[in-house]
Amino acid sequence: VQCIILHPHPPRLLAKRLRFHIVGAFAVSLGVAAFLKFAVAKPGKKAYADFYRNYDSMKDFEKMKKAGIFQSAK
Amino acid sequence: MAYPFQLGFQDATSPIMEELLHFHDHTLMIVFLISSLVLYIISLMLTTKLTHTSTMDAQEVETIWTILPAIILILIALPSLRILYMMDEINSPSLTVKTMGHQWYWSYEYTDYEDLSFDSYMIPTQELKPGELRLLEVDNRVVLPMEVTIRMLISSEDVLHSWAVPSLGLKTDAIPGRLNQTTLMGTRPGLYYGQCSEICGSNHSFMPIVLELVPLSYFEKWSVFML
């Protein structure tokens, strides 16, 4: 009588979990980085560009001079 | 100047400080990327009972976690070096001002044309007028022309000090017997505050720096008045 012993395939639970979550981890961290780039870095650069686009330093100076903050320009 | 509950840098008043601000945003983004990845992986490891006790080698993952950090470091180093070299560009300053650190005040010398020099002491808290800033105001401010490149030569008469103005991205050590140089270019008029940034004795916290950036004509009138 021949006996064929069928070895069950190991379920590879950890490997499946790791594959799923490593992809997830990279996706989350890249998502965080993208969020910071588009919610913080880009608006920051834009704010400075917008401020200086039509900036009039003399007008700003006259406003400050009227407020009386300067020692050299009363 | 600094304000209560401030989280980030002061608003930039020079092109270099703007670059540093954007570089900081870029680097902080990388820091958040790495931190979120590590936090995710740690929480992953703590939320399972599954184990793998027969790992013999891990060539693939070892390659990845060598190459990836190297790439990240290059992504940080390239903008950093760009700004470093930008700071040292030849920019032909129109004015040179010398500052000497003392215990515990700064003195300034404008000697390009005439010999103008004065000391700059902190205004004590009891003598402040309403609206003035505690531990930041000085009797004689450093008046400078705005939108002009200025060379600052910094040294000390006694111990180590450091001449710092955060909104212009400046911090240069004042070392006795040594002349350090930095260049300054303010893009907006106004008052810009800094404090001594190298421990120098009991009144180290009480020797601030105040720059007053004004149009050139006002600077000229002020320097004539001060002579």
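By convention in this document, chain letters (A, B, ...) are assigned in the order of the sequence lines, proteins followed by strands, and residues within each chain are numbered from 1. Just so we're clear, the structure is a prediction, and the values are computed from it rather than from any experiment.
- For B/H22, the part lying near chain A is the side chain, with the backbone staying farther off; criterion is any non-hydrogen pair under 4.5 Å.
- Between the side chains of B/K221 and A/S72, no donor N or O sits under 3.5 Å from an acceptor N or O.
- With a 4.5 angstrom heavy-atom cutoff, A/F20 does not touch chain B via any of its atoms.
- With chain B as partner, the option from A/L13, A/L14, A/I22 having the largest number of non-hydrogen pairs under 4.5 angstrom is A/L14.
- Of the listed residues (B/L50, B/D25, B/V31), the greatest number of heavy-atom pairs within a distance under 4.5 Å of chain A belongs to B/L50.
- Looking at B/I34, there are no atoms closer than 4.5 Å to chain A (heavy atoms on both sides), in backbone or side chain.
- Interface remark: B/M146 contributes side-chain atoms only to the contact with chain A (heavy atom separation under 4.5 Å).
- Side-chain contact between B/L144 and B/L184 is present, with at least one heavy-atom pair separated by less than 4.5 Å.
- Here B/K129 does not pair with B/E137 in a salt bridge; the nearest charged N to carboxylate O distance is not below 4.0 Å.
- Only the backbone of B/T51 comes within contact range of chain A, with heavy atoms under 4.5 Å apart.
- Interface remark: A/Y48 contributes side-chain atoms only to the contact with chain B (heavy atom separation under 4.5 Å).
- No side-chain donor-acceptor contact under 3.5 Å links B/T183 and B/R151.
- Proximity of the aromatic rings of B/Y110 and B/W222 is defined here by a centroid distance below 6.0 angstrom, and this criterion is met.
- If you tally non-hydrogen atom pairs under 4.5 Å between each of B/H26, B/E18, B/H24, B/H52 and chain A, the highest count goes to B/E18.
- The environment of A/F51 atom CZ is dense: over 12 non-hydrogen atoms of other residues, nucleotides or ligands sit within 6.0 angstrom.
- If you measure heavy-atom distances from B/E147 to chain A, the contacts under 4.5 Å come from the side chain alone.
- The shortest side-chain heavy-atom distance between B/L191 and A/I69 falls under the 4.5 Å cut-off.
- Of the atoms belonging to B/T47, heavy atoms from both backbone and side chain fall under 4.5 Å from chain A.
- Interface residue B/N140: only backbone heavy atoms are found under 4.5 Å from chain A.
- Taking a 6.0 Å sphere around OH of B/Y3, one finds it holds more than 12 heavy atoms contributed by other residues, nucleotides or ligands.
- Considering only heavy-atom pairs separated by less than 4.5 Å from chain A, the leading option among B/L44, B/T187, B/V214 is B/L44.
- Under the rule for a ring-ring contact (aromatic ring centres under 6.0 Å, His included), the partners of A/Y52 that lie at least two apart in sequence or sit in another chain are A/Y55.
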